[in-house]
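Input: a single structure, listed below in structure tokens.
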Amino acid sequence: MHTDINKLFDNLWNDYIEMTPSAEPVRQLLSRGETIINDHIALRTFNIEKVNLKILAAHFESLGYVDSGDYYFEAKNLKAKHFEHPDATQPKVFISELLVEEFSPELQKTIKALVEQIDVAATKADDFLYSGRHWQLDSKTYEALLAESEYAAWVAAFGYRANHFTISINHLPGYTNILDVNETLKKGDFVLNSAGGEVKGSAEVLLEQSSTMADRISVSFTDAEKEIPSCFYEFALRYPKADGSLYTGFVAASADKIFESTNVS
């Protein structure tokens, strides 16, 4: 397990920008040369014991992260948790898992066959959270998964890595609201996720979020190269609670729409 939290996030970031060509240009556009603070990252997995949410969470818990919230997404058959570090300057971590048993016997069989190809030792290795795909996958299997679950297809195609990073608007010099961030992005020709509106959430629920649509990159399958949606960039503005401290949780209804940033348009 990692001992250096900053090194872990550096490695996750370096892998993420390889999957997300637009991320560095977005960061440069919004940062104006200042340091960007990362609100959170998100990871995806299956609820199969070898690779379930707990397995991914252990890598962060070994660095002092603690379980700080539970979420359920009925329409997408997902469960999630978010984790926080005692050092509030460290990014929050949002990990979701697909409830595989809620899907067709075909999807269950496919996912189990993929997971069987993973070496258990790999799941405990320092680099697991940015190690990518551990299995063989053909394009027809990807398409079959996609027909049932965009999430299942994404994890099958990309494996273990950050699904997105998130810029904290609260710490973004020159911006005080999410609308100005969105406007800057659109002027820069970046496409925003408009599912449920460009801004998810509100001041009333203490969190507003927006995101780009995932980049499309060429992915190698055993039988073909296909251009498919990879990862995206998110933007979050948090509001103070009654005690004056910033809200640190997540809003399930908003996260539900953020998941659609990787939908195949």
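On a predicted model such as this, the values are computed, not experimentally measured, just so you know.
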Practice problem: Please examine the side chains of Lys200 and Glu208, heavy atoms only from C-beta on, and report whether any two atoms are closer than 4.5 Å. | Solution: no

Quiz item: Taking C-beta and beyond as the side chain, do Leu107 and Ile111 meet within less than 4.5 Å on heavy atoms?
Solution: yes

Practice problem: Step by step, work out the side chain to side chain contact (heavy atoms under 4.5 Å, CB included) result for Glu84 and Thr248. | Solution: CA-CA 8 Å; Glu84 294 179 30; Thr248 58; 2.8 Å; yes

Practice problem: Would you name the heavy atoms of Phe190 and Ser22 that are closest together and state the gap between them? | Solution: CE2-CB, 3.9 Å

Quiz item: In terms of hydrophobic clustering (I, L, V, M, F, W, Y; side-chain heavy atoms under 4.5 Å; direct or indirect links), are Leu179 and Val251 co-clustered?
Solution: yes

Exercise. Without swapping roles, check the side chain of Asn52 against the backbone of Ile55 for a donor-acceptor pair under 3.5 Å.
Key: yes

Quiz item: Relative to the ring of Phe221, is the ring of Tyr142 parallel (under 30°), tilted (30 to 60°) or perpendicular (over 60°)?
Solution: tilted

Quiz item: Regarding Arg238 and the six-membered ring of Phe250, is the cationic atom NZ or CZ under 6.0 Å from the ring centre and inside 45° of its axis?
Solution: yes

Quiz item: Could you walk me through whether Leu185 and Leu30 pass the side chain to side chain contact (heavy atoms under 4.5 Å, CB included) check?
Solution: CA-CA 8 Å; Leu185 292 163; Leu30 294 177; 4.2 Å; yes

Quiz item: For the residue pair Phe83 and Tyr65, is the inter-centroid distance of their aromatic rings smaller than 6.0 Å?
Solution: no

Quiz item: Nearest heavy-atom pair of Ala152 and Leu145: which atoms, and what distance?
Solution: O-CD1, 4.2 Å

Practice problem: Taking the side chain as every heavy atom from C-beta outward, state whether Thr212 and Val191 have any pair of such atoms under 4.5 Å apart. | Solution: no

Quiz item: Taking atom types as modelled and ignoring hydrogens, do the side chains of Ser230 and Asp215 form a donor-acceptor contact shorter than 3.5 angstrom?
Solution: no

Practice problem: Verify the distance criterion only: is there a donor paired with an acceptor across the side chains of Gln90 and Asn38 at less than 3.5 Å? | Solution: no

Quiz item: Judged by atom type as modelled, is there a donor-acceptor pair below 3.5 Å linking the side chain of Arg133 to the main-chain atoms of Phe158?
Solution: no

Quiz item: Are Glu102 and Lys76 close enough for a salt bridge, meaning some N to O gap below 4.0 Å?
Solution: no

Quiz item: Does Phe60 reach the side chain of Pro91, with side-chain heavy atoms less than 4.5 Å apart?
Solution: no

Quiz item: Can any side-chain N or O of Ser149 pair as donor or acceptor with the backbone N or O of Leu146 at less than 3.5 Å?
Solution: no

Self-check item: Intermediate values then yes/no, side-chain hydrogen bond (donor to acceptor under 3.5 Å, both in side chains), Tyr239 and Glu204
Solution: CA-CA 9 Å; Tyr239 287 86; Glu204 286 70 36; over 6 Å; no

Quiz item: Same cluster or not: are Phe232 and Ile41 linked, directly or through other Ile, Leu, Val, Met, Phe, Trp or Tyr residues, by side-chain heavy atoms under 4.5 angstrom apart?
Solution: no

Quiz item: Would you say the side-chain atoms of His85 pair up with the backbone N or O of Glu61, donor to acceptor, closer than 3.5 Å?
Solution: no

Quiz item: Between Lys186 and Glu198, does at least one N-O distance fall below 4.0 Å, as a salt bridge requires?
Solution: yes

Quiz item: Quick one: does Asn193's side chain have a donor or acceptor within less than 3.5 Å of a partner on Lys257's backbone?
Solution: yes

Quiz item: Can you get from Leu78 to Phe103 by hopping between Ile, Leu, Val, Met, Phe, Trp and Tyr side chains that sit under 4.5 Å apart?
Solution: yes

Quiz item: Taking atom CD of Glu74 as the centre, does the number of heavy atoms from other residues, nucleotides or ligands within less than 6.0 Å exceed 12?
Solution: no

Quiz item: Can you tell me if Ser131 uses its side chain to pair, donor with acceptor, with the backbone of Leu129 under 3.5 Å?
Solution: no

Quiz item: Which heavy atom of Gly64 sits nearest a heavy atom of Pro86, and at what distance?
Solution: O-CD, 3.2 Å

Practice problem: I would like to know whether Ser96 and Tyr151 meet side-chain hydrogen bond (donor to acceptor under 3.5 Å, both in side chains); could you show each step before the answer? | Solution: CA-CA 10 Å; Ser96 55; Tyr151 184 107; 2.8 Å; yes

Quiz prompt | Flag, side chain of Asp256 to backbone of Ala252, donor-acceptor distance under 3.5 Å | solution = no

Quiz item: Is the distance between the ring centroids of Phe259 and Phe73 under 6.0 Å?
Solution: yes

Quiz item: How about Asn47 and Lys79: do any of their side-chain heavy atoms sit closer than 4.5 Å?
Solution: no

Self-check item: Parallel, tilted or perpendicular, as decided by the 30° and 60° cut-offs, for the rings of Phe165 and Trp13
Solution: perpendicular

Practice problem: Mind listing the closest non-hydrogen atom pair of Ala157 and Ile228 along with its distance? | Solution: CB-CD1, 3.7 Å

Quiz item: So, Lys140 and Glu143, do they make that salt bridge, N to O below 4.0 Å?
Solution: no

Exercise. Could you pull out all residues at least two apart from Glu148 that satisfy side chain to side chain donor-acceptor pair (under 3.5 Å)?
Key: Ser104

Self-check item: side-chain hydrogen bond (donor to acceptor under 3.5 Å, both in side chains) assessment of Ser139 paired with Asp223
Solution: CA-CA 6 Å; Ser139 63; Asp223 59 338; 2.9 Å; yes

Quiz item: Where the side chain of Asp4 meets the backbone of Lys7, is there a donor-acceptor pair that is under 3.5 Å apart?
Solution: yes

Practice problem: Would you list the pairs meeting salt bridge (charged side-chain N to carboxylate O under 4.0 Å, His left out) in which at least one residue belongs to residues 43-53, sequence neighbours left out? | Solution: Arg44-Glu150

Quiz prompt | Under 3.5 Å donor-acceptor, Thr141 side chain and Leu137 backbone | solution = no

Quiz item: Would Arg27 and Glu24 satisfy salt bridge (Lys or Arg N to Asp or Glu O under 4.0 Å), going step by step from the backbone distance to the final call?
Solution: CA-CA 5 Å; Arg27 194 182 70 82; Glu24 195 55 60; 2.6 Å; yes

Quiz item: Between His164 and His40, does a side chain to side chain contact (heavy atoms under 4.5 Å, CB included) hold up when you go through it step by step?
Solution: CA-CA 8 Å; His164 62 270; His40 71 273; 3.4 Å; yes

Quiz prompt | Cluster overlap Leu43 with Ile48, hydrophobic side-chain contacts below 4.5 Å | solution = yes

Quiz item: Would you say the side-chain atoms of Thr20 pair up with the backbone N or O of Ile17, donor to acceptor, closer than 3.5 Å?
Solution: no

Quiz item: Looking only at heavy atoms, which two atoms of Lys124 and Val120 are closest? And how far apart?
Solution: NZ-CG1, 3.6 Å

Quiz prompt | Pair Thr45-Tyr160, side-chain donor/acceptor within less than 3.5 Å | solution = yes

Practice problem: Go through the steps to decide whether Leu8 and Tyr130 satisfy the test side chain to side chain contact (heavy atoms under 4.5 Å, CB included), and finish with yes or no. | Solution: CA-CA 9 Å; Leu8 172 59; Tyr130 46 91; 3.9 Å; yes

Quiz item: Is it true that the side chains of Asp180 and Tyr175 contain a donor and an acceptor less than 3.5 Å apart?
Solution: no

Quiz item: Is any side-chain heavy atom of Gln209 less than 4.5 Å from a side-chain heavy atom of Ile258?
Solution: yes

Practice problem: Could you please spell out the steps behind the ring-ring contact (aromatic ring centres under 6.0 Å, His included) verdict for Phe94 and Tyr71? | Solution: CA-CA 10 Å; Phe94 187 91; Tyr71 310 90; 5.6 Å; yes

Quiz prompt | Ring centroid separation His134 to Phe128 under 6.0 Å | solution = yes

Self-check item: Donor on one side chain, acceptor on other, Gln117 and Gln136, under 3.5 Å
Solution: no

Practice problem: Flag the pair Phe9 / Leu12 as yes when at least one side-chain heavy-atom distance between them is below 4.5 Å, and no otherwise. | Solution: yes

Self-check item: Residue pair Ser210 / Asn182, side-chain donor-acceptor N/O under 3.5 Å
Solution: yes

Quiz item: Without hydrogens or angle criteria, can the side chains of Glu225 and Ser220 be said to hold a donor-acceptor pair below 3.5 Å?
Solution: yes

Practice problem: For the residue pair Phe46 and Trp135, categorise the inter-ring angle as parallel (less than 30°), tilted (30 to 60°) or perpendicular (more than 60°). | Solution: tilted

Self-check item: Tyr247 with Leu172, same ILVMFWY side-chain cluster at under 4.5 Å
Solution: yes

